[in-house]
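Chain A is the first sequence line, chain B the second, and so forth, proteins listed ahead of strands; every chain is numbered from 1.
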Protein chains: 2
Amino acid sequence: MAETESRPELRYGNRPTMKDVAARAGVGLKTVSRVVNGEPGVTPDTEQRVQEAIEALGFRRNDSARVLRKGRTASIGLVLEDLADPFYGPLNRAVEEVARAHGALLINGSSAEDPAREQELVLALCARRVDGLIVIPAGDDHRYLEPEIAAGVATVFVDRPAGRIDADVVLSDSFGGAREGVAHLIAHGHRRIGFIGDQPRIHTAAERLRGYYAAMEDAGLAADDAWVSLGSTAPERVRDAVTAMLDGPEPVTAVFAGNNRVTVTVVRVLAGRERPVALVGFDDIELADLLQPGLTVVAQDAARLGRAAADRLFRRLDGANDAPARTELPTRLIARGSGEIPPWTP
Amino acid sequence: MAETESRPELRYGNRPTMKDVAARAGVGLKTVSRVVNGEPGVTPDTEQRVQEAIEALGFRRNDSARVLRKGRTASIGLVLEDLADPFYGPLNRAVEEVARAHGALLINGSSAEDPAREQELVLALCARRVDGLIVIPAGDDHRYLEPEIAAGVATVFVDRPAGRIDADVVLSDSFGGAREGVAHLIAHGHRRIGFIGDQPRIHTAAERLRGYYAAMEDAGLAADDAWVSLGSTAPERVRDAVTAMLDGPEPVTAVFAGNNRVTVTVVRVLAGRERPVALVGFDDIELADLLQPGLTVVAQDAARLGRAAADRLFRRLDGANDAPARTELPTRLIARGSGEIPPWTP
DNA sequence: CATTCAGTTGACAACGTTGTCCAGGCCCTA
DNA sequence: TAGGGCCTGGACAACGTTGTCAACTGAATG
C-alpha cells in the first residue's frame with residue numbers, strides 16, 4: 001500500500017469486536033472469547049446469548065489481534081520463481097494441501113528469478129511473522145536469512161539448494177536425471193549430442209549440465225563446446241542455439257533440453273526441420289505423448305517435491321530439531337519416441 | 001494449526017522488539033518507530049545509534065502488530081479453483097504483479113470446486129482482515145459474504161459471476177466464444193456437432209453450452225440431446241462421452257470441448273481414432289500448435305482477466321465507490337487445423 | 001534576560017485478542 | 001450451618017506497534 005492515510009472510521013470498516021458482542025450479550029469480554037474459541041466453562045444459556053449477539057452483529061474474530069497475542073500466525077510463505085510456470089503449479093498445490101491439513105494459510109510470491117526480489121519477498125514474509133518459509137531460491141546467497149532462522153522461522157528450500165547457509169533442502173536428482181537422459185540418447189546410437197540449458201548460476205541447470213558431461217564421459221565421448229549452450233530460456237536464444245548446433249560443422253544428431261521451457265522451444269524448432277533429430281527434455285509437459293513423435297522426457301514429480309518440502313517444514317514447526325537434511329527425489333525417464341530416433345546418417 | 005500449545009519462550013522465537021532496540025540504543029520507543037518507518041524528526045546522530053542497535057539485534061518490525069494498530073493488512077486474498085491448473089497460473093501471476101505494485105502480499109487458496117471449502121477459505125481470509133478478495137467462485141450463493149462486504153472487504157469475482165449478491169465481476173465472454181467456435185465448425189460444413197462440457201452448475205460451463213445452442217440455432221440446426229454431454233471433467237467420463245457420440249446412431253463429425261481439461265482428453269481419444277473428427281476447444285493449451293493437426297481453440301487471456309480483476313480491486317481499495325460492474329473480456333478464435341477438418345463422409 | 005520557536009524526544013494510550021487469576025455462587029458433605 | 005470444592009464469569013495485563021501530545025533542548029529574537 002503506497003500510503004495508507006489514516007481513516008480511523010474505516011479501520012477494518014468498523015467491524016464489531018468482542019467488546020461489542022459482550023456489551024450486547026450483557027456478558028464479560030472473556031466470556032465471548034471463550035464462546036468464540038469453544039473453550040469450556042460457559043453455561044449453555046450464556047453461550048446462546050453470546051451466539052445470538054455474534055450473529056446479530058456479524059462479528060468475526062480478528063485474527064490479526066489473535067496472532068499478535070498468540071505469537072503464531074498459522075501461515076506459511078512460499079516463494080517460487082514464477083507462479084505462472086506450469087511446472088510449479090502442482091508443487092504449489094501440494095504445499096497448499098499440506099498447509100491446509102495443518103490449518104495454515106499460504107502466502108505466495110514470485111521471485112521472477114531475481115535474487116533481490118526474492119530477498120525482498122522473503123523478508124516481507126518474515127515481517128508478517130509467517131511460521132515457516134518454503135523457498136525456491138533465485139539467489140545463491142541466503143545468509144540474509146540467518147537471523148530469521150536463528151529467530152525461529154522454519155525454512156525449507158526446494159528445487160534448488162540454499163546458498164551459503166545450512167538448511168533443509170528438497171531436490172530432484174538433476175544430475176542423475178540428466179545423465180540418464182543423455183545416456184538414453186547414447187544408447188540409441190548418438191555420438192554428437194547437444195545440450196541446451198538455463199543459466200549455469202542456477203543450480204539445477206549446472207547439475208544437469210554436469211549430468212550431460214558425465215554421461216558423455218561414461219561413454220568415452222568427447223563433448224564439443226559447440227554442442228553446449230547455456231543462457232536465458234527466451235525462445236529466440238534457444239532457437240538460435242539449436243539452429244547453430246544443427247547447422248554447425250559437426251552437426252548434432254540429438255538434443256538434450258535442460259528444462260520445460262527450453263524443451264518447448266526446441267520442439268518447435270525441430271518440427272520445422274527436414275531431417276529427424278532425437279530429443280530428450282528435462283521436465284514432463286502436458287500433451288507430450290500426443291506430439292509426433294511423442295516426447296521423451298526425464299520427469300520430476302513436482303507435487304511430491306512440494307509435499308516433501310511442506311512435510312519437512314511442518315515437522316520442524318512441530319518441534320523437530322535434527323540437523324538440516326538434503327532430500328533428493330529420483331527422476332523418471334519416460335520414453336515416448338523422440339528420444340528413440342536413431343542418428344541421422346547422410 | 002491443530003493445537004498450538006503455548007510455549008511463551010517461543011513466541012516468534014523471542015525476536016527483539018522495538019523496546020529492546022530502544023533500550024540498547026538508549027532512546028525512547030517511539031524514536032525507534034520513527035527510524036524504522038523513515039519518519040522525520042530524528043537527528044542523524046540518533047538515527048545512526050538506532051540503526052546500529054537494529055543491526056546488532058537483527059530486529060525486524062513485527063507487521064502483525066503494525067497491522068493491528070493501523071487497520072490495514074496490505075494483503076489480498078485470491079481464492080481460485082485449483083492452484084495446479086495451468087489455466088490459472090497466468091491469472092495468479094497477474095494478480096500478484098498488481099498486488100506487488102501496490103505493496104500488498106497475496107494469500108492463495110484452492111477451493112477444489114467445493115462451495116463449502118470456498119466459503120471456509122474466504123472466511124479465513126476475512127478473519128485475517130485481508131484488505132480485499134479476488135474469488136473464482138465454486139459455489140453459487142455468496143450471501144455469506146454480505147456482512148464482510150458491508151464491513152468493507154473489497155471483493156471482485158473473476159471467471160465466474162457471484163451468486164445472489166451484487167458485486168464486481170470480471171469474465172471472459174464464454175457465450176460468445178463458444179458460439180463463435182461452434183459457428184466455425186458449422187462454417188466448415190459440420191452439421192452434427194458434439195458438445196462436451198463441465199457441470200452445468202458452473203457458470204462458464206452453462207454459458208458455453210448456451211453458446212453452442214445459439215450457434216446451432218443460428219444455422220438452423222437441431223441439436224440432438226445425444227450430442228451434448230455435461231458432467232465431471234474426469235478423463236474417464238469425457239472419454240466415454242466422446243466415444244458414445246462418435247459411435248452413436250447419428251455420429252458427430254465434430255466436437256466442441258468446453259474447457260482445457262476436456263480438450264486434452266478429447267485430443268487423446270481422437271488420436272486413437274481412424275476417421276478424422278474436427279475439434280475446437282475452449283481455452284488455449286501449450287504446444288497446441290505442435291499437435292497433428294494443430295489444435296483450433298477459443299482462447300481467453302487469463303493474465304488479462306487477473307489484471308483486470310486486481311485493477312478493479314485496488315481501485316475499490318483506493319476509495320472508488322461506483323456501483324458493482326460486470327466486465328466481459330473478448331475471446332479469440334485461433335485456427336490451427338483441428339477445427340478446419342471437413343466432415344467425414346463415408 | 002525573558003520569550004518564542006522550531007526541532008527532537010519520549011510517555012502513554014490504543015488497536016482486539018487471549019492468559020491469568022480471583023470472586024462469587026452453587027452444591028455437597030460433615 | 002459451616003466448610004470445602006467446583007463451576008461460571010469477569011477484571012486486568014499483555015502482545016508489539018503507531019498516533020497523540022506534551023516536554024524538553026538550544027537558538028534566535030525582543
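Val27(B) comes within 4.0 angstrom of the backbone, heavy atoms only, and of no base. Within 4.0 Å (heavy atoms only), Gly41(B) reaches at least one base atom of the nucleic acid. As judged by a 4.0 angstrom heavy-atom cut-off over every strand, Val42(A) is placed among residues touching the sugar-phosphate backbone only.
Between dA14(D) and Lys70(A), no contact under 4.0 Å exists linking OP1 or OP2 to a side-chain N or O. Remark: Thr31(B) is not in phosphate contact with dT9(C), judged by side-chain N or O atoms under 4.0 Å from OP1 or OP2. At dG16(C), none of the side-chain N or O atoms of Ser64(A) fall inside 4.0 Å of OP1 or OP2 (strictly under the cut-off). A sub-4.0 Å separation between OP1 or OP2 of dC15(C) and a side-chain N or O of Thr17(A) is absent. Phosphate proximity of dT18(D) to Asn37(B): present, with a side-chain N or O under 4.0 Å from OP1 or OP2. Dashed line: the shortest gap from a side-chain N or O of Ser33(B) to OP1 or OP2 of dT18(D) is under 4.0 Å. Phosphate contact (OP1/OP2 of dT9(C), side-chain N/O of Thr46(B), threshold under 4.0 Å): present.
If you measure from atom CD1 of Ile54(B) to atom C1' of dG16(D), you get 14 Å, rounded to the nearest angstrom. dC15(D) atom C1' lies 9 Å from atom CG of Asn62(B), rounded to whole Å. Put simply, CD on Glu39(A) is 11 Å from P on dT20(C), counting in whole angstrom units. What separates CZ of Arg72(B) from C1' of dT17(D) is a distance of 18 Å, to the nearest Å. The distance from atom NZ of Lys30(A) to atom P of dC12(D) is 15 Å, rounded to the nearest whole Å. Between Arg15(A) atom CZ and dT17(C) atom C1' there is a gap of 15 Å when expressed in whole angstrom units. With rounding to whole Å, Leu68(B) atom CG is found 13 Å from dT18(C) atom C1'. Across the protein-nucleic acid pair, Met18(B) atom CE and dG19(D) atom P stand 11 Å apart, rounded to whole Å.
Taking only side-chain atoms of Arg61(A), from C-beta outward, the nucleotide of dT17(C), dG19(D), dT17(D) with the closest atom is dT17(C). If you check dG10(D), dT9(C), dG16(D) against the side chain of Arg34(A), the one that comes closest is dG10(D). Checked against dG9(D), dT17(D), dA13(D), the side chain of Arg66(B) finds its nearest nucleotide in dT17(D). When distances are taken from the side chain of Ala65(A) to each of dC15(C), dG16(C), dT9(C), the shortest belongs to dG16(C).
The closest donor-acceptor contact from the side chain of Arg160(B) to the backbone of Pro137(B) lies under 3.5 Å.
In this structure, Arg24(A) CZ and Arg49(A) CZ are separated by 12.5 Å, a value rounded to the nearest 0.5 Å. The CD atom of Glu146(A) lies 6.5 Å from the CD1 atom of Ile165(A); values are rounded to the nearest 0.5 Å.
In terms of heavy-atom proximity, Glu113(B) sits nearest to Arg201(B) at O-NH2, 3.3 Å. Pairing each heavy atom of Thr73(B) with each of Asp131(B), the nearest pair is N-OD1, 3.0 Å. The minimum heavy-atom distance between Phe314(A) and Val98(A), with the atom names listed, is CD1-CG1, 3.8 Å.
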